[in-house]
Structures are given as structure tokens and as C-alpha cells.
Amino acid sequence: MTLEPYLCGHFRSASDNAHTSTVPSAVNSPILPAFLDYLRVEKGLAPLTIQAYCSDVQQFDDFLRKRKRSLSGARREDVRDFVQQLLSNGVDGRSVGRKLSTLRHLYRYLLLDELIEHDPTLNIASPKQWKVLPKALARDEIENMLRGRSSAADRENKLAAAIAVRDRAMLEVFYAGALRVSEITGVKMADLKLDLGCILVRGKGDKERIVPLGKSAQETLSEYLKGARNSLAAGKNTPVLFLGRGGRTLTRQRIWQMVRAASASAGRQASPHMLRHSCATHMVENGADLRTVQSILGHADISTTQVYTHLALDRLKSVYRNHHPRARAKQR
């Protein structure tokens with residue numbers, strides 16, 4: 001496997017290597033390419049995710065080389081000091097938590113392959129700031145965003161009108177199914193089951209899940225399929241559900257731009273991920289249990305979904321106060 005797609009601009013200069021020439025770098029060590037192969041083949045992770053893992057490992061390798069240590073020779077205090085340095089440099093808790101998670105995966109892999117005897121990440125607590133509630137839009141902001149605004153010129157221009165319908169359908173699916181950007185770009189026509197009110201989604205690690213779609217999303221999708229999609233396809237036969245002009249595949253950047261533009265018109269700067277978290281937040285606020293939310297979000301571990309726990313507790317307290325006969329102070 002070649003490392004070029006994953007090295008993220010972390011090649012070291014000769015002067016960098018001169019300071020730590022006695023310790024082989026991650027780039028030259030067989031550990032990193034073998035680990036990346038493991039992530040790609042056995043874990044089935046997406047290229048962008050592997051690139052992030054690679055960047056995190058190389059950053060830790062840089063830290064270790066200044067201490068004259070290699071990845072396989074890292075100690076528990078090295079990991080702890082690395083985390084502390086990141087926090088001292090102002091790196092936010094979520095990013096530090098992600099880097100620590102990368103190192104846990106790396107050393108678990110090395111341990112399983114018997115390349116090391118001890119896991120240096122064992123019993124190292126994640127930063128408390130890591131598990132903060134993701135940002136979400138208020139319900140009225142979602143409504144304003146989904147309502148959409150198309151100009152008279154757009155309505156007269158067939159292609160512009162088709163794009164407006166497509167964008168509205170994508171926004172509805174983002175919010176209805178809590179999809180990631182990579183998931184919505186990968187949805188095929190065959191994955192959509194409008195008659196059943198659901199859609200098949202392929203998430204991280206190519207894991208499939210069935211996501212329900214509400215009435216509003218179903219209606220908008222029906223409108224998109226009636227004419228807008230054909231206008232965008234321009235006679236090209238393609239299995240992808242959401243198309244760009246001329247039947248091209250939409251890029252992640254184009255989708256981000258679309259979401260930002262739609263949210264700005266509603267008075268808020270939002271990202272596709274905010275729509276995903278808004279879906280989860282509003283479901284929990286309306287009484288959905290965390291297991292259901294986990295299933296819709298496609299989280300492999302319930303601990304990832306537990307960032308929404310306090311919303312569930314707030315809902316529980318509210319229901320308790322309103323319905324339990326002794327929840328309120330006794331009136332005299």
C-alpha cells in the first residue's frame with residue numbers, strides 16, 4: 001500500500017530528521033502502512049477517515065521522536081504528556097479526544113498482532129470537554145431553512161428550479177434521517193423505498209442501516225423525482241439519487257455550500273452535521289429513547305449517543321413534574 005494519499009503533508013525535512021535520526025519515523029516504519037491497511041481492509045473505513053487517523057499518528061510520532069522514542073516503544077507517560085501538551089496548546093477537547101481514540105485503535109492493533117506487550121493508552125481518561133453536546137438548530141430555524149426561498153427568476157429557469165427542488169429534498173433527508181455528508185452522496189435510487197417511507201444508508205465501515213423518512217421528506221422527494229432529477233440528469237443514466245448538473249456526482253464541498261446558503265437565508269450559519277445533530281436533539285426532546293436515536297444515527301457504540309443523555313433527563317424531569325402527584329411543593 002502506498003502512503004501518499006494519507007500522509008497529509010506531514011513529510012519531514014532533512015533538518016527535522018537530523019534532530020531524531022536515531023529513531024525511525026512513522027513514515028519509514030512498517031507500523032503505519034500496516035495499520036492503515038488494517039483500517040482500510042478490516043475496518044472498512046473511508047479514505048478521509050483513514051487520512052485523519054494517519055495525521056494523528058504522525059503527530060504523536062513527531063512528539064515521540066523528540067523524546068528519542070518510536071511508536072512501538074511509547075510509554076503511558078508519553079501518551080499522557082502528549083494529551084496534556086495538546087490541551088496546553090489550546091487544542092479543543094473534542095479534537096484531543098479524537099486523537100486519543102486514534103492512538104487507542106493503533107495500540108489495540110499492535111497488541112493484537114503481538115508487536116507490543118503493553119498498551120500505553122490503557123487507563124488514560126478522555127478529556128471531559130470531549131463529550132459536549134453538539135450544536136443544533138432550534139425547531140423554528142429548521143422550519144425556516146426547510147421552507148426554502150426561490151426567486152421568480154429561479155422558477156422561470158428550468159435548471160435553477162430543478163436545483164432548488166433537489167436542495168430542498170436533500171435538506172429534508174438530512175434532517176429526517178440524520179445523514180452524514182458522505183452518506184447522502186452515496187445514496188442510490190435503489191436505496192430509496194418511498195412506498196415504505198424509508199431509505200437504506202451506508203455509513204462508516206460500509207455498515208448499512210434503514211432510516212425512516214417523515215411525510216414531509218417523502219413529499220419533497222416525490223416532487224424531486226417527478227421532474228427535477230431528470231432535468232439534472234440531462235439524459236445521463238446514473239444510479240445516484242441526488243445529482244449535480246449534467247448528471248454529475250455532487251461533491252462534499254458543494255453540499256456544504258448548499259447547506260450554508262440555505263441556513264444563512266434563515267438567519268443562521270449551519271453545517272450538514274448540525275442538521276444531523278438537530279434531528280437527534282429534537283427526537284430526544286420529544287421523548288425518543290437513546291437506543292432508537294443510536295440506530296438512526298448509525299452509532300456503533302451507545303456511548304457516542306450518550307452525549308444526548310442530559311436532554312433525555314430534562315424531558316424525564318419535565319414529564320415527572322407535570323404528572324407525578326407529589327412532584328411539586330405541597331400547597332398549604
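Counting from 1, the numbers follow the sequence of the chain as shown. As the structure is a prediction and not an experimental result, all values here were calculated from the model.
- Crowding of Glu117 atom CD: a count of heavy atoms from other residues, nucleotides or ligands under 6.0 Å not exceeding 12.
- Residue Leu275 holds its CG atom at 10.5 Å from CE of Met170, rounded to the nearest 0.5 Å.
- With rounding to the nearest 0.5 Å, the separation of CZ in Arg276 from OG in Ser271 is 11.5 Å.
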Taking it one step at a time, do Phe82 and Ile124 satisfy side-chain contact (heavy atoms from CB on, under 4.5 Å)? CA-CA 11 Å; Phe82 175 63; Ile124 292 185; over 6 Å; no

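- Between Ala176 and Ala217, the shortest heavy-atom distance links the atoms CB-CB, 3.9 Å.
- Under the 4.5 Å side-chain criterion, counting only non-hydrogen atoms from C-beta, Thr238 is in contact with Arg229.
- Considering only heavy atoms from C-beta on, Arg252 stays 4.5 Å or farther from Ile255 through its side chain.
- The shortest distance between side-chain heavy atoms of Arg254 and Met258 falls below 4.5 Å.
- Remark: Gln269 CD is packed, more than 12 non-hydrogen atoms of other residues, nucleotides or ligands lying under 6.0 Å away.
- For the residue pair Arg260 and Ser263, the shortest heavy atom distance occurs at O-OG, 2.9 Å.
- Side chains of His118 and Tyr107: a donor-acceptor N/O pair is absent below 3.5 angstrom, by distance only.
- Contact check for Ser95 versus Asp92: side-chain heavy atoms found under the 4.5 Å cut-off.
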Going through the distances and angles, do Met274 and Arg268 end up as a side-chain contact (heavy atoms from CB on, under 4.5 Å)? CA-CA 11 Å; Met274 282 179 72; Arg268 179 80 183 270; 3.5 Å; yes

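- For the residue pair Ser278 and Ile142, the shortest heavy atom distance occurs at CB-CD1, 4.0 Å.
- Using a distance-only test at 3.5 Å, with no hydrogens or angles considered, a donor-acceptor pair links the side chain of Thr220 to the main chain of Ser216.
- Not a single donor-acceptor pair under 3.5 Å links the side chain of Asp113 to the backbone N or O of Leu110.
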How far apart are the C-alpha atoms of Val165 and Arg168, what are their side-chain angles, what is the distance that settles it, and do they pass the side-chain contact (heavy atoms from CB on, under 4.5 Å) test? CA-CA 5 Å; Val165 173; Arg168 198 160 60 249; 4.1 Å; yes

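- When side chains are defined from C-beta on, Leu250 does not count as touching Leu243, because their heavy atoms never get closer than 4.5 Å.
- Residues Asp78 and Arg75 share a closest heavy-atom pair of OD2-N, 2.8 Å.
- Looking only at side-chain heavy atoms (C-beta outward), Leu137 and Tyr175 stay at 4.5 Å or farther from each other.
- Residues Met283 and Ile296 come closest through the heavy atom pair CE-CD1, 3.5 Å.
- By the neighbour-count criterion of 12 heavy atoms within 6.0 Å, atom CZ of Arg245 is sparsely surrounded, having that number or fewer from other residues, nucleotides or ligands.
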Under the criterion salt bridge (charged side-chain N to carboxylate O under 4.0 Å, His left out), I'd like the reasoning laid out for Arg98 against Asp56: C-alpha separation, chi angles, the key distance, then a yes or no. CA-CA 9 Å; Arg98 191 204 72 213; Asp56 293 340; 2.6 Å; yes

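- Atom CD of Gln59 and atom CG of Leu86 lie 5.5 Å apart (nearest 0.5 Å).
- In this structure, CG in Leu192 is found 10.5 Å from CG in Leu200, a value given to the nearest 0.5 Å.
- Hydrophobic clustering keeps Val96 apart from Leu122 (ILVMFWY residues linked when any side-chain heavy atoms are closer than 4.5 Å, directly or through intermediates).
- Linking ILVMFWY residues whenever their side-chain heavy atoms come closer than 4.5 Å, directly or via other members, leaves Val187 and Leu196 in distinct clusters.
- In terms of modelled atom types and a separation under 3.5 Å, the side chain of Ser55 and the main chain of Gln51 share no donor-acceptor contact.
- Leu297 and Ile210 fall into different hydrophobic clusters, where Ile, Leu, Val, Met, Phe, Trp and Tyr residues are linked whenever their side-chain heavy atoms come under 4.5 Å apart, directly or through other members.
- Aromatic pair Tyr38/His105: centroids not less than 6.0 angstrom apart.
- Looking at heavy atoms from C-beta onward, Thr102 lies out of side-chain contact with Leu100 at the 4.5 angstrom threshold.
- With rounding to the nearest 0.5 angstrom, the CG atom of Asp81 is 4.0 Å from the CZ atom of Arg67.
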Could you walk me through whether Asp37 and Arg40 pass salt bridge (charged side-chain N to carboxylate O under 4.0 Å, His left out), step by step? CA-CA 5 Å; Asp37 264 339; Arg40 182 175 58 86; 2.8 Å; yes

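- The closest side-chain heavy-atom distance from Asn123 to Arg76 is below 4.5 Å.
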CA sep, side-chain torsions, deciding dist, call: Ser182, Leu48, side-chain contact (heavy atoms from CB on, under 4.5 Å): CA-CA 10 Å; Ser182 57; Leu48 284 175; over 6 Å; no

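- For Gln218 (side chain) and Leu213 (main-chain N/O), a donor-acceptor pair under 3.5 Å exists by modelled atom type.
- Using modelled atom types and a 3.5 Å distance limit, the side chains of Gln294 and Arg291 yield a donor-acceptor pair.
- For the residue pair Val293 and Ala288, the shortest heavy atom distance occurs at CG2-CB, 4.1 Å.
- To the nearest 0.5 Å, atoms NZ (Lys158) and CG (Leu232) are separated by 10.5 Å.
- Using cut-offs of 30° and 60° for the angle between ring planes, the Tyr53 and Phe35 rings count as tilted.
- Not a single donor-acceptor pair under 3.5 Å links the side chain of Glu42 to the backbone N or O of Leu39.
- Of the candidates Arg209, Arg202, Lys204, Arg209 is the only one forming a salt bridge (Lys or Arg N to Asp or Glu O under 4.0 Å) with Glu183.
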